[in-house]
Amino acid sequence: LELRQLKSHNKHLGARMVFQGQHILSIDQLDREAVERILQVADLMHPYVAREKSCRILDGAVLANMFFEPSTRTRISFGTAFNLLGGHVRETVGMSTSSLAKGESLYDTAQVLSTYADVVAMRHPQAGSVSEFAAGSKIPVINGGDGPNEHPTQALLDIYTIFNELNRIQKGTENLRIAMMGDLKNGRTVHSLTQLLCVFPNVDFTFVAPNALAMPEKVLAVCDKHNHRVTITESLEDGLQGQDVIYQTRIQEERFETQREADLYRGKYRLNQSAYEQFCDPNTIIMHPLPRDSRPEANELSDDMNDNPNLAIFRQAYFGVKVRMALFALVLGVEDKLSQFEA
Ligand code: CP
C-alpha cells in the first residue's frame with residue numbers, strides 16, 4: 001500500500017466514483033451512484049464486523065481520530081472500523097487536551113497531522129470547521145459532525161439502516177414515507193439524512209417540530225429541488241401516522257443560548273409504546289441517531305419501546321462500523337483488495 005501518496009481535495013463524488021484520496025465532508029458531494037457504492041462496500045464488511053473473518057488491508061496505516069466535541073458512537077465506531085481493517089488509531093479527545101487550546105489554527109493542525117497519519121476523522125463544535133481543517137490537509141478528512149451543520153457518515157449509516165429495515169419487514173424501498181421529529185433546527189443528523197434521501201426518487205417527508213426548531217430553509221430547498229413531497233407539522237400525532245420510518249431526535253441543548261430555552265422544548269415530543277400502538281402504522285420502523293435523552297424531563301424515546309421489534313436504534317448504531325469501514329476502504333483505495341488481505 002502506498003497510502004501516503006494520496007492527494008486529497010474536496011470534490012463531488014459522482015458518476016466516476018473516484019473516492020480514493022477524497023475528503024468526505026458534506027452530503028453535497030454524493031450522488032445516488034456514490035451512495036450505492038458506499039452501501040455496497042459496507043455490505044462486504046459484514047464478515048469482519050461479525051468477527052467471522054479478520055482483515056489486515058490497512059496494516060501499517062494510521063487514523064488520526066480527532067474529537068473536539070463529546071461522542072460515543074461516532075468516535076468509537078470510527079476507531080473500531082479502522083482497527084477491524086488492520087490499521088492503528090491515534091486520538092485527541094476534547095479541545096482542552098489539544099494545542100487548539102493554545103491558539104493553533106486548524107490549518108496548522110492539519111498540516112502537521114498530514115505527516116503523522118493516513119486519514120483523519122474529525123468532530124468539531126463549529127459549523128464549517130472540518131472543511132476548514134481539510135483545506136490544510138494533505139490526507140483524506142472525514143467529517144464526524146461539525147456543530148449544527150452536517151453529519152454525513154451518520155446519514156450514510158441511517159440510509160443503510162433504512163434499506164436493511166425495509167428489507168427485514170419485506171417492504172420495497174420505493175415511495176419511502178419518513179417523519180423526522182424533534183430539534184430539526186440544530187440536529188445535524190436530520191439535515192444530512194434529508195439531503196441524502198433527496199438523491200433517491202419518491203421520498204415523502206414529514207417534519208415535526210415546534211416552529212422555533214423547524215427544519216432550516218436551505219434543507220427544505222433541497223427537497224424542493226428534487227420535487228419531494230414535504231409536510232410540516234407541530235403535531236406529534238399527525239406526524240406519527242402513515243409513516244414507514246419515524247426518525248426521532250434529541251433536543252440539542254448544547255446548541256441553545258440558555259438552558260431555560262432548551263427546557264422550553266425538552267419533553268415536547270415523546271414517543272412511547274402507547275403512542276406507537278395508537279398512531280403508527282403496523283411495522284413502522286423507529287430510528288434515532290442516539291444518544292437518546294433518558295432524563296425524565298426529556299425522554300423523547302421511551303425505554304418502554306426497547307422490546308418493540310421495529311425499534312432499530314441499536315442495529316442503526318451497529319451499522320455505523322460497517323459504513324465507516326467502507327468509507328476508509330474507499331478513500332484509501334483498497335476496497336477491491338479486501339479478500340486478498342483476509343486471515
Ligand atoms: N449519533 C452520534 O453521532 O452519536 P455520538 O454523538 O455518540 O457520536
Side-chain angles (χ1 to χ4, degrees), residues 23-27 42 49 62-85 87-101 106 109-110 113 117 119-134 137 140-158 160-161 182-183 186-193 196 247-256 262 287-295 298 300-301 313-328 331:
H23 304 308
I24 306 288
L25 300 174
S26 169
I27 293 302
V49 179
V62 175
L63 164 67
N65 209 22
M66 311 299 290
F67 273 71
F68 300 112
E69 210 185 36
S71 169
T72 296
R73 276 145 292 276
T74 312
R75 181 171 70 83
I76 303 294
S77 65
F78 267 127
T80 300
F82 210 74
N83 287 151
L84 287 174
L85 292 169
H88 306 285
V89 180
R90 292 287 174 268
E91 291 199 318
T92 286
V93 177
M95 200 74 81
S96 64
T97 58
S98 96
S99 285
L100 291 179
L106 289 168
T109 309
L113 291 185
V119 60
V120 174
M122 182 171 164
R123 173 173 288 188
H124 191 286
Q126 283 166 3
S129 53
V130 183
S131 294
E132 189 185 331
F133 177 92
S137 176
V141 176
I142 303 180
N143 184 356
D146 60 325
N149 187 36
E150 281 213 48
H151 196 345
T153 66
Q154 177 74 42
L156 286 162
L157 76 88
D158 287 341
Y160 186 84
T161 306
D183 186 353
N186 298 303
R188 57 194 170 201
T189 65
V190 286
H191 304 164
S192 289
L193 179 58
L196 194 62
Y247 192 98
Q248 177 65 299
T249 65
R250 177 179 64 89
I251 298 297
Q252 309 274 304
E253 66 178 70
E254 64 276 28
R255 314 269 180 235
F256 286 79
M287 296 174 62
H288 188 307
L290 302 180
R292 56 178 157 171
D293 188 341
S294 302
R295 290 171 290 187
E300 74 269 2
L301 184 56
I313 56 175
F314 299 119
R315 294 189 285 276
Q316 189 181 351
Y318 168 73
F319 290 146
V321 178
K322 285 189 195 184
V323 168
R324 291 180 174 117
M325 287 174 82
L327 289 171
F328 286 134
V331 300

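Residues Ala117 and Leu63 share a closest heavy-atom pair of CB-C, 4.5 Å. Shown here for Gly187 and Val190, the closest heavy-atom pair between the two residues is O-CG2, 2.9 Å. The nearest pair of heavy atoms linking Asp146 to Gln126 is CB-O, 3.6 Å. Here the closest heavy-atom approach between residue Leu301 and residue Arg292 is recorded as O-NH1, 3.2 Å. Residues Thr153 and Asn143 share a closest heavy-atom pair of CG2-O, 3.9 Å. The nearest pair of heavy atoms linking Ile27 to Glu150 is N-OE1, 2.9 Å.
Going from atom CG of Leu196 over to atom CD of Gln154 covers 11.5 Å, rounded to the nearest 0.5 Å. Leu113 CG to Arg90 CZ: the interatomic distance, rounded to the nearest 0.5 Å, is 12.5 Å. Here Leu85 contributes atom CG and Arg324 contributes atom CZ; the two are 13.5 Å apart, rounded to the nearest 0.5 Å.
A donor-acceptor pair shorter than 3.5 Å can be found between the side chains of Arg123 and His151. Looking at Glu132 and His124, their side chains never bring a donor and an acceptor atom within 3.5 Å of each other.
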For the pair Phe68 and Met122, evaluate side chain to side chain contact (heavy atoms under 4.5 Å, CB included) and give the outcome as yes or no after the intermediate values.
CA-CA 8 Å; Phe68 300 112; Met122 182 171 164; 3.8 Å; yes

Full working for side chain to side chain contact (heavy atoms under 4.5 Å, CB included) between Thr161 and Tyr318
CA-CA 9 Å; Thr161 306; Tyr318 168 73; over 6 Å; no

Evaluation steps, side chain to side chain contact (heavy atoms under 4.5 Å, CB included), between Val89 and Phe78
CA-CA 9 Å; Val89 180; Phe78 267 127; over 6 Å; no

Candidate pair His23 and Phe133, rule side chain to side chain contact (heavy atoms under 4.5 Å, CB included), full reasoning
CA-CA 11 Å; His23 304 308; Phe133 177 92; over 6 Å; no

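A heavy-atom distance below 4.5 Å is found between the side chains of Tyr247 and Pro289. A heavy-atom distance below 4.5 Å is not found between the side chains of Glu300 and Ile251.
No donor-acceptor pair under 3.5 Å is formed between the side chain of Arg75 and the backbone N or O of Asn65. Proximity of a side-chain donor or acceptor of Thr249 to a complementary backbone N or O of Asp183 within less than 3.5 Å is detected.
Using a 4.0 Å cut-off between charged side-chain N and carboxylate O, Glu69 and Arg255 make a salt bridge.
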